[in-house]
Each structure stands twice: as C-alpha cells, then as structure tokens.
K.L.:
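Here it is, the structure, as structure tokens.
This structure is a prediction, so every number in the text was calculated from the model and none was measured.
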Amino acid sequence: MKIYKEKDYDAVSKRAAALVAAQMKEKNNSILGLATGSSPVGMYKELVDMYNAGEISFKKIRTVNLDEYAGLADDDVNSYHYFMNQHLFSKVDIDPANTHLPNGIAADPEAECASYEAMVQSLGGTDLQVLGLGENGHIGFNEPGTPFTEVTHLVDLTESTIHANSRLFEKIEDVPRQAYSMGIKTIMSAKRILLIVTGTAKADALAKVINGPVTVDVPGSILQTHPDVTVICDEAAASKL
C-alpha cells in the first residue's frame with residue numbers, strides 16, 4: 001500500500017485526479033472502475049478541468065461503476081447514473097456506450113447481477129478501480145460480513161449506511177433499502193486500486209483498513225492483500241493512523 005496524506009479535500013482530489021490521468025495517458029483505452037458519493041466529486045471536477053485544458057481525453061476510455069441503488073431509474077436525481085452524468089460523463093468526450101452501471105430497475109435482480117459481473121469480466125476487470133470507504137469499513141456497498149469471495153450482488157443496506165446516505169435525499173424514508181454492488185472479489189480483480197478517504201468520520205475505518213486484521217467485519221481490510229493499492233487521505237481521515 002502506498003499512502004499519501006494530504007492537507008485537505010482539495011489536495012486529495014488533485015492527487016487522485018493526477019493518478020487517474022496518469023493511467024489514462026499510459027493506456028488511452030483504460031477500463032476505469034468508478035465510484036460515487038462525496039469522496040470522488042472533487043476528483044471528477046479536476047478531471048473535467050484537465051479535459052477542458054486538453055490534457056486528457058476520454059474518447060477511448062471505458063468505465064464500470066461500483067454500484068447503483070435498487071429501484072431507482074437512470075434519470076432519477078438520486079441514482080448513480082444521474083450522479084455520473086452530472087459530475088463527469090456529460091462534461092467530457094466519453095462515448096455513453098462505453099459507460100456501464102447496474103440497472104437499478106431490472107425486472108430480474110439475479111439476472112442483472114450475473115449480467116453485470118459477466119460484463120466486467122469480459123473487459124478483463126478494471127485497470128484502475130476508484131473506491132471510497134464507508135464509516136463501517138464498507139467498499140462499494142459490501143457491508144460488514146460480506147464474504148471476500150462475493151461477486152456482483154444485491155445488497156440489503158445497513159441502517160448506518162442508510163443514515164450516512166440520507167444527507168443526499170430529502171428525507172431518510174426516501175433512501176433505498178437495497179443496492180446492486182460489485183462484490184469484493186470483483187473489486188479485487190482490478191489491476192490497481194485507488195482508495196480516497198476524507199474527513200474525521202472515516203478515521204476509525206481507515207485505521208482498521210490499513211492497520212487492523214483482515215476480516216469480513218471490515219470489508220476494506222481485504223485491500224491489504226492486493227498488490228497495488230494507493231490510499232489518498234486528508235489529515236482528518238489519517239488522524240488515527
């Protein structure tokens with residue numbers, strides 16, 4: 001694990017964007033695994049700025065997202081499809097056909113999970129997978145207790161995750177109770193992993209991920225066993241390392 005401790009969120013975002021841009025320049029048809037939530041928003045803004053400056057192009061890039069809420073259509077303002085379009089896809093030269101997220105309103109959830117997993121594997125896994133970290137140590141929506149052998153699956157979200165995500169909804173009752181998520185095995189098939197962690201609320205989880213035992217009780221702890229992980233965190237998140 002390579003760990004970079006930055007002063008604040010902006011500095012974290014800049015370093016994360018630089019790492020993603022370097023991957024894109026090294027391989028212009030990279031397969032990027034992308035994440036949503038507050039952690040990567042600044043990184044996406046930096047990447048859009050770099051695109052506008054002519055430094056990078058998404059023309060040949062393909063993307064696969066970690067997760068999507070179950071029950072939300074692509075055009076729902078709370079869906080991760082909408083999030084990705086708002087923060088990145090609509091602002092760069094990526095081909096929409098090269099962007100992939102689970103279908104939140106699939107009629108057959110089991111078939112959707114199998115189909116999404118097969119699609120990720122058909123691409124050969126991701127060249128670089130971007131991750132955030134939940135306060136309970138989850139990566140993607142893989143909650144504590146999820147087997148490390150799990151592939152793409154439908155997840156029952158924990159109350160702590162529902163509460164943490166409620167800030168993005170009008171009221172907590174609006175937060176979906178389930179989500180589609182790449183499994184931990186799927187995530188770990190990435191050639192390189194970038195973990196972005198900011199804020200005091202994530203300090204406990206980050207300390208367990210980096211220094212604790214590898215256990216399903218802290219899903220992110222499995223990252224200790226991956227050969228190429230970069231952690232970029234701010235001083236607040238690193239306060240317990």
K.L.:
Can you tell whether the side chains of Lys208 and Asp204 come within less than 4.0 Å, N to carboxylate O?
P.N.:
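Asp204 and Lys208: not salt-bridged.
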K.L.:
Of all heavy-atom pairs between Val218 and Val209, which one has the smallest distance, and what is that distance?
P.N.:
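Heavy-atom minimum between the residues: CG1-CG2, 3.9 Å.
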K.L.:
Under the criterion side-chain contact (heavy atoms from CB on, under 4.5 Å), which of Asn98, Thr63, Val48, Val92 is the partner of Phe58?
P.N.:
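Among the candidates, only Val92 passes.
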K.L.:
Mind listing the closest non-hydrogen atom pair of Leu154 and Gln178 along with its distance?
P.N.:
CD2-NE2, 3.7 Å
K.L.:
Ring centroids only, cut at 6.0 angstrom: are Phe169 and Tyr69 within range, meaning strictly under it?
P.N.:
yes
K.L.:
Taking Leu66 as the fixed residue, which of Ile187, Leu34, Thr126 is the one that meets the side-chain contact (heavy atoms from CB on, under 4.5 Å) rule?
P.N.:
Ile187
K.L.:
Under the side chain to side chain contact (heavy atoms under 4.5 Å, CB included) rule, what do Asp75 and His81 come out as? Steps first, then yes or no, please.
P.N.:
CA-CA 7 Å; Asp75 59 356; His81 279 83; over 6 Å; no
K.L.:
Return yes when atom OH of Tyr82 has more than 12 non-hydrogen atoms of other residues, nucleotides or ligands closer than 6.0 Å, and no otherwise.
P.N.:
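Open.
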K.L.:
Over 60° means perpendicular and under 30° means parallel, so tell me whether His87 and Phe83 are parallel, tilted or perpendicular.
P.N.:
tilted
K.L.:
Would a distance-only check, ignoring hydrogens and angles, find a side-chain to backbone donor-acceptor pair under 3.5 Å from Asn142 to Ile139?
P.N.:
yes
K.L.:
Within a reach of under 6.0 Å around NZ of Lys2, are more than 12 heavy atoms found that belong to other residues, nucleotides or ligands?
P.N.:
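Check passes, neighbour count above 12.
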K.L.:
Apply side chain to side chain contact (heavy atoms under 4.5 Å, CB included) to Lys202 and Ser39, showing your working.
P.N.:
CA-CA 11 Å; Lys202 305 286 180 74; Ser39 297; 4.0 Å; yes
K.L.:
Got a second to check how far Ile105's CD1 is from Leu72's CG, nearest 0.5 Å?
P.N.:
9.5 Å
K.L.:
Specify the closest pair of heavy atoms between Pro176 and Ala70, including all atoms of both residues, with the distance to one decimal.
P.N.:
CB-O, 3.7 Å
K.L.:
Tell me whether Lys5 at atom NZ has more than 12 heavy atoms from other residues, nucleotides or ligands lying less than 6.0 Å away.
P.N.:
no
K.L.:
Of the non-hydrogen atoms in Gln121 and Ser189, which two are nearest, and what is the gap between them?
P.N.:
NE2-OG, 4.0 Å
K.L.:
What is the distance from atom NE2 of His226 to atom NZ of Lys191, rounded to the nearest 0.5 Å?
P.N.:
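Between atom NE2 of His226 and atom NZ of Lys191 there are 9.5 Å.
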K.L.:
Supply the atom-to-atom distance Asn28 CG to Lys60 NZ, rounded to the nearest 0.5 angstrom.
P.N.:
4.5 Å
K.L.:
I'd like to know if Asp127 and Lys27 make a salt bridge, using a cut-off of under 4.0 Å between side-chain N and carboxylate O.
P.N.:
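Salt bridge flag = yes for Lys27 with Asp127.
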K.L.:
Applying side chain to side chain contact (heavy atoms under 4.5 Å, CB included) to Thr99 and Asn65, what does each step give before you reach the verdict?
P.N.:
CA-CA 8 Å; Thr99 66; Asn65 263 73; over 6 Å; no
K.L.:
For Asp67 and Tyr180, run side chain to side chain contact (heavy atoms under 4.5 Å, CB included): C-alpha distance rounded to whole Å, both residues' side-chain angles, the deciding distance at 0.1 Å, then the answer.
P.N.:
CA-CA 5 Å; Asp67 40 31; Tyr180 292 95; 5.8 Å; no
